[in-house]
Amino acid sequence: MHLYNTLTRNKAEFVPRDPERVTMYVCGPTVYSYAHIGNARPAVVFDVLARVLRLEFPGLCYVRNITDIDDKINLAAAEKGVAISEIAARYTRAYHQDLAELGVLPPDVEPRATDYVDSIIEMISNLIDKGHAYAAEGHVLFSVASYPRYGELSHRDREEMLAGARVEVAPYKNDPGDFVLWKPSTEELPGWSSPWGRGRPGWHIECSVMAASHLGETIDIHGGGHDLIFPHHENEIAQSTCAHDGTTFVRYWLHNGFVNVNSEKMSKSLGNVLLVRNLLKEAPGEAIRLALLNAHYRAPLDWSDDTLAQAKRRLDGLYQTLRSLSDVQDEPQAELPSGFIDALDDDLNTPRALAELSSLARQANTTTESSQRAFLKSSIKRCGEALGLLQQDPARWFGEGAKDLDIALIEQLILDRNAAREAKDYGKADKVRGRLADMGVAIEDGPEGTRWRRS
RNA sequence: GGCUGGAUGGCAGAGUGGUUAUGCACCGGCCUGCAAAGCCGGCUACAGCGGUUCGAUUCCGCUUCCAGCCUCCA
C-alpha cells in the first residue's frame with residue numbers, strides 16, 4: 001500500500017516497523033458539541049484505512065482519543081450552566097452514537113485525556129529536565145528554539161511565522177513560538193495539582209502522551225484533519241521527539257481535507273455547521289458515509305444540497321443489485337477483486353474503489369449465469385465491507401420493517417393492484433399504485449412478482 | 001505578506017503523454033398493460049496564454065481565479 005506522507009509531501013510505500021503490530025493514532029474530537037460533518041470525515045476516512053490495513057496486518061492497533069479537557073468544554077459548560085464533566089460525557093456519548101450511524105467501527109483503544117494527567121505531568125517534567133521547556137507564571141511552555149527541526153511538518157520557518165503573526169504574544173513567553181504545555185486553573189476550572197501549581201494540560205500534550213502510552217515512542221501512522229498540521233501536529237512532533245531523546249515520533253503523517261459547505265468554509269460565524277445528527281434526518285448514515293468516501297480523502301469536499309441525495313441514489317442502485325442477487329449464496333471468504341484493492345492501495349483512493357464497485361454491480365445486473373452471479377455478489381459484499389458499506393439486508397435498506405410504514409397495508413394494496421391487473425382493470429391498478437406512491441412507496445413488477453421500496 | 005493545495009462534462013468526482021473513469025441528473029432505445037428497476041446508446045469535459053513533444057487535459061513556465069493554514073477550528 002502506498003500512502004501520501006505530509007512530512008515528505010510524497011506518496012511512499014507503507015512499510016510498518018513491525019507487521020505484527022501496526023500502530024495508528026488519529027486525533028479524535030474535543031467533546032464540547034455535537035459532531036459535525038467535518039468531524040465525521042476523518043472518523044470515516046481513517047475507519048476505512050483501518051479496515052484496509054487490517055486485511056494485510058490483522059495486528060493493527062488503532063488508537064483514537066477523546067479530548068475531554070479543554071477550554072472550549074469549559075466554555076460550553078459555563079454557557080449551558082452544567083458541570084464540565086457532564087458536557088464531556090454528553091458529547092462523548094453523542095459522538096459515539098453519530099459515528100455508529102455512519103458505520104464507523106470503534107477504535108481498538110479510545111483513551112481520554114483526563115485519565116492521563118499523571119503521565120502528562122511526567123512528560124512535562126521530563127521536557128523541563130531536558131531543557132526543552134520552562135515554567136513561567138504558573139504556565140509551562142515548550143521552547144521551540146530547543147528543537148531545531150521545528151516547522152518540518154508544516155514547512156514553516158520560525159522567522160517567517162513571526163512576520164505573519166496575528167496574535168499578541170503572551171508576556172511570559174521567551175519566544176513567540178513557544179506553546180503551552182501546562183496552564184494554571186482558577187478555582188472554578190478543572191485542575192490537577194502539579195509541580196507548577198494547580199492547573200491543567202495545554203492542548204497538544206495529551207496526544208503525545210496518549211500515543212506513547214498505547215503505541216510506544218514511534219508510531220507508524222498518525223492521522224487527523226488538515227488543519228491540525230499546524231500547530232497541533234507540529235507541536236506534537238516537537239514534544240514527543242524531545243521527550244524521547246530524538247526518537248522518530250511518527251513515520252507516516254496523514255491528513256484529510258476539509259469539508260466545505262456550498263463552497264464556503266463551515267464555521268459557526270457563518271452559521272453553516274452541518275451536524276451529523278441533523279443530516280441523519282435527511283438520509284441514512286450509510287448515504288452520508290458514501291458521500292464522504294466519494295471524494296479522495298485528501299481533497300477538499302464540497303457539501304452541497306445535492307451531495308447527500310446523489311449518494312443516497314447511488315446506494316439505492318447498489319442495494320437494488322444486491323436485492324436482485326438474493327437468490328444466490330454469498331461467500332464470506334471471497335477475495336477482493338484486484339482492481340478494487342489496487343485503488344485502495346493507492347493512497348486510499350476510495351472514488352476509484354467505488355467505481356470498481358459500480359462496475360461489479362453492472363456486471364451482476366447483466367449476467368444470468370448463477371455461479372457468476374454468486375461470485376459477483378460475494379465480491380460486492382466484500383468490497384462493501386472494506387468501505388463499511390452495503391452490509392445491511394437490501395430489504396431493510398428499502399424500508400421494509402420501517403416503523404412509519406404500514407407493511408400489512410402495503411402488502412394488501414399490492415395484492416389489490418395485482419388482482420386488478422389480472423382483471424386487466426388498469427385504471428384501478430394505477431390508482432392503487434398512486435395511493436402507494438402517496439405513502440412514499442414505489443412499486444416494481446418483476447418476473448418473480450411485485451416488490452416495493454421506499455421512494 | 002509567508003506556506004500549502006486546487007481549477008475536469010448539468011452536478012459530484014477519479015485518472016492519463018496518444019484508446020470508456022465511475023456515479024447522479026437529463027435525452028433516445030429495449031423490456032413492461034403502463035410504470036419502476038435493469039440493460040444498450042447519447043449528452044462532442046479537462047481555467048487562460050506560451051513552451052517541450054510526432055502528439056498534452058496529463059510535463060514545464062507565466063497569468064487569472066479559488067480554498068486552507070500562519071498558536072489552541074476535523
Side-chain angles (χ1 to χ4, degrees), chain A residues 6 9 26-30 35-43 45 67 70-72 144 151 154-157 159-167 169-170 173 176-180 183 202-204 223-232 234-235 255-260 263-268 273 290-291 294-296 298-307 309-318 320-321 323-324 343 346 349-359 361-362 364-366 421 424-427 429-430 433 437 442-447 450-453 455:
Chain A
T6 307
R9 314 268 156 161
V26 171
C27 289
T30 299
H36 55 66
I37 190 67
N39 296 307
R41 167 120 99 148
V45 160
T67 295
D70 184 279
D71 288 351
K72 289 192 295 296
V144 292
S154 52
H155 290 211
R156 275 159 220 268
D157 182 276
E159 303 294 323
E160 285 172 354
M161 267 156 44
L162 296 185
R166 304 184 298 199
V167 180
V169 177
K173 288 187 179 181
D178 292 351
F179 57 90
V180 172
K183 53 186 164 188
W203 176 33
H204 318 290
H226 193 259
D227 59 320
L228 296 180
I229 294 171
F230 189 89
H232 187 54
E234 194 70 72
N235 292 354
H255 294 95
N256 64 274
F258 257 48
V259 180
N260 295 322
S263 307
E264 284 183 314
K265 183 182 175 174
M266 188 166 59
S267 72
K268 279 188 181 158
V273 174
L290 176 61
N294 189 225
H296 182 86
R298 279 194 283 120
L301 169 59
D302 191 27
W303 198 277
S304 72
D305 301 331
D306 214 27
T307 304
Q310 282 195 18
K312 160 82 164 58
R313 286 195 208 102
R314 186 167 186 173
L315 271 177
D316 279 340
L318 259 11
Q320 197 78 250
T321 297
R323 175 147 85 168
S324 73
D346 182 11
N349 194 328
T350 53
R352 227 169 85 202
L354 286 166
E356 293 289 333
L357 187 52
S358 289
S359 157
R362 190 166 11 82
N365 289 336
T366 313
R421 290 172 69 212
K424 303 228 190 292
D425 183 355
Y426 296 121
D430 290 350
R433 182 168 61 199
I443 291 300
E444 293 168 13
D445 297 322
T450 300
R451 62 190 189 189
W452 65 276
R453 63 185 168 85
S455 56

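We name chains A, B, ... by the order of the sequence lines, and we start the count at 1 in each one.
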Roughly, in whole Å, what's the span from [atom1] in [X] to [atom2] in [N]?
| X | N | atom1 | atom2 | result |
| --- | --- | --- | --- | --- |
| A/I229 | B/C72 | CD1 | P | 16 Å |
| A/W452 | B/A36 | CH2 | P | 19 Å |
| A/I443 | B/A36 | CD1 | P | 13 Å |
| A/R9 | B/G6 | CZ | C1' | 14 Å |
| A/W203 | B/C72 | CH2 | C1' | 5 Å |
| A/N39 | B/C73 | CG | C1' | 9 Å |
| A/F179 | B/C70 | CZ | P | 15 Å |
| A/H255 | B/U4 | NE2 | C1' | 12 Å |

Indicate, with a heavy-atom threshold strictly under 4.0 Å, whether [X] touches base, sugar-phosphate, or nothing.
| X | result |
| --- | --- |
| A/G38 | base |
| A/S358 | sugar-phosphate |
| A/H36 | base |
| A/R314 | sugar-phosphate |
| A/K312 | nothing |
| A/N365 | sugar-phosphate |
| A/N349 | sugar-phosphate |
| A/L290 | nothing |
| A/A442 | nothing |
| A/R453 | sugar-phosphate |

Taking the side chain of [X] as heavy atoms from C-beta outward, which of [options] is closest to it?
| X | options | result |
| --- | --- | --- |
| A/A355 | B/C72, B/A21, B/A37 | B/A21 |
| A/Y426 | B/G33, B/G13, B/A25 | B/G33 |
| A/N256 | B/G15, B/A74, B/U71 | B/A74 |
| A/E444 | B/A36, B/C11, B/C73 | B/A36 |
| A/M266 | B/G13, B/C34, B/A74 | B/A74 |

Please list, pair by pair, any protein nitrogen or oxygen found under 3.5 Å from a nitrogen or oxygen in nucleotides 67-69 of chain B.
{"residue": "B/C69", "atom": "OP1", "partner": "A/K265", "partner atom": "NZ", "Å": "2.4"}
{"residue": "B/C69", "atom": "O2'", "partner": "A/R156", "partner atom": "NH2", "Å": "3.1"}
{"residue": "B/C69", "atom": "O2", "partner": "A/R156", "partner atom": "NH2", "Å": "3.4"}

5' priority, RNA chain B, between A/N294 and A/D71 [closest heavy atom]
A/N294
Taking the nucleotide of RNA chain B with the nearest heavy atom to each, does A/E356 or A/D346 sit closer to the 5' end?
A/D346
Counting C-beta onward and ignoring hydrogens, is there a side-chain heavy-atom pair between A/V180 and A/W203 closer than 4.5 Å?
no
What are the two closest heavy atoms between [X] and [Y], and how far apart are they?
| X | Y | value |
| --- | --- | --- |
| A/T6 | A/H155 | O-NE2, 4.5 Å |
| A/A343 | A/A353 | CB-N, 3.6 Å |
| A/N294 | A/L354 | CA-CD1, 3.9 Å |
| A/N256 | A/P42 | OD1-CB, 3.2 Å |
| A/S154 | A/E234 | OG-OE1, 2.5 Å |

A/D178 side chain vs A/V144 backbone, donor-acceptor pair below 3.5 Å
yes
Is the ring pair A/H255/A/H226 parallel, tilted or perpendicular, if the boundaries are 30 and 60 degrees?
perpendicular
Side-chain-base donor-acceptor pair under 3.5 Å for A/R362 and B/C39
no
Hey, does the side-chain of A/R41 have a donor or acceptor N/O within less than 3.5 Å of a partner on the base of B/A74?
no
Does A/D316 come within less than 4.0 Å of A/R313, counting only side-chain N to carboxylate O?
no
B/A74 pairs with, by Watson-Crick or G-U criteria that keep both distances under 3.5 Å
none
Across all strands shown, which nucleotide pairs with B/G38 by Watson-Crick or G-U wobble geometry, both distances under 3.5 Å?
B/C30
Taking only side-chain N and O atoms of A/N235, does any of them lie within less than 4.0 angstrom of OP1 or OP2 on B/C72?
no
